[in-house]
There are 2 protein chains.
Amino acid sequence: MNGIVFDHKECGSCPIRHRAVCARCDADELEELDSIKYYRSYEAGQPIVWSGDRMDFVASVVTGVASLSQAMEDGRTQMVGLLLPSDFLGRPGRDAAPYDVVAVSNLTLCCFRRKPFEQMMIRTPHIGQRLLEMTLDELDAAREWMLILGRKTAREKIASLMAIIARRDASLALSSAEDGMSFELPLTREAMADYLGLTLETVSRQISALKRDGIITLEGKRHVIIPDFDRLQIETGDDMDGGLMI
Amino acid sequence: MNGIVFDHKECGSCPIRHRAVCARCDADELEELDSIKYYRSYEAGQPIVWSGDRMDFVASVVTGVASLSQAMEDGRTQMVGLLLPSDFLGRPGRDAAPYDVVAVSNLTLCCFRRKPFEQMMIRTPHIGQRLLEMTLDELDAAREWMLILGRKTAREKIASLMAIIARRDASLALSSAEDGMSFELPLTREAMADYLGLTLETVSRQISALKRDGIITLEGKRHVIIPDFDRLQIETGDDMDGGLMI
DNA sequence: CTGGTGCATTGACCCAGATCAAGAAAAGCG
DNA sequence: CGCTTTTCTTGATCTGGGTCAATGCACCAG
């Protein structure tokens with residue numbers, strides 16, 4: 001547990017509100033949510049649930065990064081989701097986890113006991129609606145990822161990952177768009193490889209190549225500086241304008 | 001329009017009921033749904049909506065197959081969803097289509113005007129709940145697909161596709177599990193390639209290889225016979241027991 | 001300071017699947 | 001019925017990324 005406790009303002013209290021969209025929970029609803037919530041902390045690398053396990057909570061990521069992944073019995077693994085702060089974990093109405101969930105970095109979750117959460121969802125339609133919207137967002141992200149996995153080159157894959165993290169980071173920090181955005185890579189080379197359907201050697205080589213070509217700069221092994229986001233965007237192979245900005 | 005008209009029993013009327021799970025719509029609700037529904041037919045190859053288009057309906061596939069796909073401007077395309085009979089198309093609450101939707105074979109949709117459908121959803125929570133469930137199923141399918149795209153070999157990809165279609169087909173026909181299941185391939189080699197992140201030549205070669213090894217038998221180019229489903233299942237590389245059976 | 005442990009980088013080589021190219025087999029059609 | 005068009009198969013060759021292996025670089029414990 002690590003002694004970390006957040007007050008309502010910090011954690012958002014309503015899990016839906018973490019995405020800063022739903023301001024519709026009234027005082028009673030927030031109080032009810034508070035009564036079924038608790039915090040959990042995990043260290044980098046620690047498993048949260050295994051595929052098939054019964055999951056008796058849903059949660060919102062407060063700080064840190066978690067991954068969802070699928071493994072084949074011969075060891076090949078594919079990451080199928082990356083949960084950053086404010087993302088939602090768990091599926092009301094289903095009690096077995098379909099994937100392995102692992103804390104990629106140190107992680108704090110704001111958890112809600114599943115049964116009472118589900119009951120509340122039934123009583124409170126806007127929570128269900130918001131959840132449907134979030135699930136549709138996840139579906140869009142998964143499908144964007146399918147394009148990356150199926151059709152992009154290794155270089156484009158790395159550039160796409162950098163762009164996605166940079167964009168997410170900027171939107172959380174509310175401090176985007178000034179020239180020279182930078183962020184801390186929350187993933188090891190191996191985790192990136194699992195995400196991108198590559199090997200860790202290829203990830204390393206392509207990062208070196210992007211560095212050599214001046215698309216990115218590294219400070220240490222994890223701190224990335226993007227001198228010109230548009231140039232990175234070109235490297236992703238994506239349509240410049242249209243398309244989803246997850 | 002082609003003059004094809006279905007009565008309620010054939011089409012299911014309640015779009016939710018197409019998946020044969022929701023039997024909760026009462027007479028009034030069914031009548032209301034009937035009042036906002038209409039049918040559309042498309043020929044193989046015909047586009048239904050383009051990415052970015054405004055979509056003023058949601059729909060249920062009655063017969064035929066449709067695909068969702070994303071394209072990069074240099075022509076590389078990745079199919080991100082395959083809609084078989086009883087699958088749902090469209091997203092309440094969003095008015096722009098995020099992908100190109102194309103009729104892969106001749107296709108009939110049972111459409112519902114979006115606005116009234118959404119209003120009905122708000123008034124009728126169980127429809128929203130069912131929709132959330134279906135969206136979660138789609139998300140699971142998308143993520144299973146990510147594993148296929150990111151980590152499987154060409155042979156495993158083809159075997160996985162065959163297994164998925166065979167399974168879906170069997171569950172629709174309610175006539176599964178007798179030895180020697182068979183089905184009509186609803187996709188061209190090119191469409192399979194777009195689905196699997198391969199080239200059509202590789203698809204063709206791997207189908208030939210599976211045929212040579214007796215895993216499948218072909219009658220013509222499209223009719224597939226699976227003499228022993230378990231052997232096919234082994235070729236997919238998937239865990240035999242666990243895992244999702246979409 | 002020294003060896004150990006865990007990430008990351010780099011090199012040398014190889015192979016699955018892409019690419020390029022030629023036919024074969026259906027399917028439509030005047 | 002040929003004749004075109006589309007779809008599929010197969011072969012020859014090339015290459016991006018995988019595999020195997022060595023080395024570098026922090027960071028920690030003793």
Side-chain angles (χ1 to χ4, degrees), chain A residues 43-46 72 74-78 102 104-106 148-162 184-213 216-224 235 237, chain B residues 43-46 72 74-78 102 104-106 148-162 184-213 216-224 235 237:
Chain A
E43 309 211 336
Q46 225 183 322
M72 301 173 67
D74 64 4
R76 285 177 280 175
T77 70
Q78 176 64 51
V102 177
V104 170
S105 64
N106 289 344
I148 291 173
L149 289 172
R151 293 301 185 193
K152 290 194 179 181
T153 64
R155 170 182 261 246
E156 289 170 337
K157 285 178 175 182
I158 298 288
S160 299
L161 179 59
M162 297 287 177
E184 214 59 36
L185 261 184
L187 302 171
T188 65
R189 301 294 187 260
E190 190 184 17
M192 287 189 252
D194 282 346
Y195 207 155
L196 297 167
L198 298 171
T199 59
L200 70 92
E201 294 94 329
T202 299
V203 169
S204 183
R205 274 187 254 272
Q206 295 300 333
I207 288 178
S208 299
L210 289 177
K211 199 167 51 179
R212 191 175 342 102
D213 299 346
I216 62 174
T217 309
L218 282 191
E219 247 163 35
K221 289 164 190 305
R222 294 296 194 90
H223 191 78
V224 180
E235 294 293 335
Chain B
E43 308 212 334
Q46 223 182 323
M72 300 172 66
D74 64 3
R76 285 177 278 175
T77 69
Q78 176 64 51
V102 177
V104 170
S105 65
N106 290 345
I148 292 174
L149 289 172
R151 293 301 184 194
K152 290 193 178 180
T153 64
R155 170 182 262 246
E156 288 169 338
K157 285 177 175 181
I158 297 288
S160 298
L161 179 60
M162 297 286 176
E184 213 60 36
L185 262 184
L187 302 172
T188 65
R189 303 292 188 260
E190 189 184 18
M192 287 189 252
D194 282 346
Y195 207 153
L196 298 166
L198 298 171
T199 59
L200 68 93
E201 294 95 328
T202 300
V203 169
S204 183
R205 274 189 252 273
Q206 294 301 332
I207 288 178
S208 298
L210 289 177
K211 200 166 53 178
R212 190 176 342 102
D213 299 347
I216 63 175
T217 310
L218 282 192
E219 250 164 31
K221 287 164 189 307
R222 293 296 195 88
H223 191 77
V224 179
E235 294 293 335

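Each chain gets a letter, A, B and so on, in the order the sequences are listed, and its residues count up from 1.
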Residues, nucleotides or ligands: over 12 heavy atoms within 6.0 Å of Q46(B) CD
yes
Options dG18(D), dT10(D), dG17(D), nucleotide nearest the side-chain atoms of A154(A)
dG17(D)
Treating E156(B) as the side-chain partner and E235(B) as the backbone partner, does any N or O pair qualify as donor plus acceptor under 3.5 Å?
no
Exactly one of I158(A), V224(A), T217(A) should register a side-chain contact (heavy atoms from CB on, under 4.5 Å) with L210(A). Which one does?
I158(A)
In this structure, how many angstroms lie between the C1' atom of dG16(D) and the CD1 atom of I158(A), rounded?
14 Å
Return whichever of R151(A) or K211(A) has its heavy-atom-nearest nucleotide of DNA chain C closer to the 5' end.
K211(A)
Expressed in angstrom and rounded to an integer, what is the separation of L218(B) atom CG from dT10(D) atom P?
10 Å
What does R155(B) touch in the nucleic acid at a heavy-atom separation under 4.0 angstrom: a base, only the sugar-phosphate, or nothing?
nothing
From NZ of K157(A) across to P of dG18(D) the rounded distance in Å is 7 Å
Taking CZ from R189(A) and P from dA26(D), how many angstroms apart are they, rounded to a whole number?
13 Å
Applying side-chain contact (heavy atoms from CB on, under 4.5 Å) to L198(B) and M192(B), what does each step give before you reach the verdict?
CA-CA 8 Å; L198(B) 298 171; M192(B) 287 189 252; over 6 Å; no
Rounded distance (Å) that lies between atom C1' of dT9(D) and atom NZ of K221(B)
7 Å
State whether the distance check finds a donor on one side and an acceptor on the other, under 3.5 Å, for side chain R205(A) versus base dT19(D).
yes
Of all nucleotides in DNA chain C that come within under 4.0 Å of a heavy atom of chain A, which is furthest toward the 5' end and which toward the 3' end?
dA8(C) to dA12(C)
Atom pair CG (L161(B)) and NZ (K152(B)), whose distance is rounded to the nearest 0.5 Å:
10.5 Å
Taking N and O atoms by type only, does the side chain of E201(A) place a donor or acceptor under 3.5 Å from a partner on the base of dC20(D)?
yes
Starting at atom CD of Q206(A), determine the distance to atom P of dG17(D), rounded to an integer number of angstrom.
6 Å
Distance in angstrom units between E190(B) CD and dC8(D) C1', rounded:
12 Å
Is the shortest heavy-atom distance from the side chain of Q206(A) to the side chain of T153(A) under 4.5 Å?
no
Within the pair T188(B) and dT7(D), is there a side-chain N or O less than 4.0 Å away from OP1 or OP2?
no
Donor-acceptor contact below 3.5 Å, side chain N106(B) vs main chain A44(B)
yes
What is the distance, to the nearest angstrom, from the CD1 atom on I207(B) to the P atom on dT7(D)?
15 Å
Have a look at G220(A) and say if it touches a base, only the backbone sugar-phosphate, or nothing, with a 4.0 Å heavy-atom cut-off.
nothing
Using a cut-off of 4.0 Å on non-hydrogen atoms, how would the nucleic acid contact of G45(A) be classed: base, sugar-phosphate, or nothing?
nothing
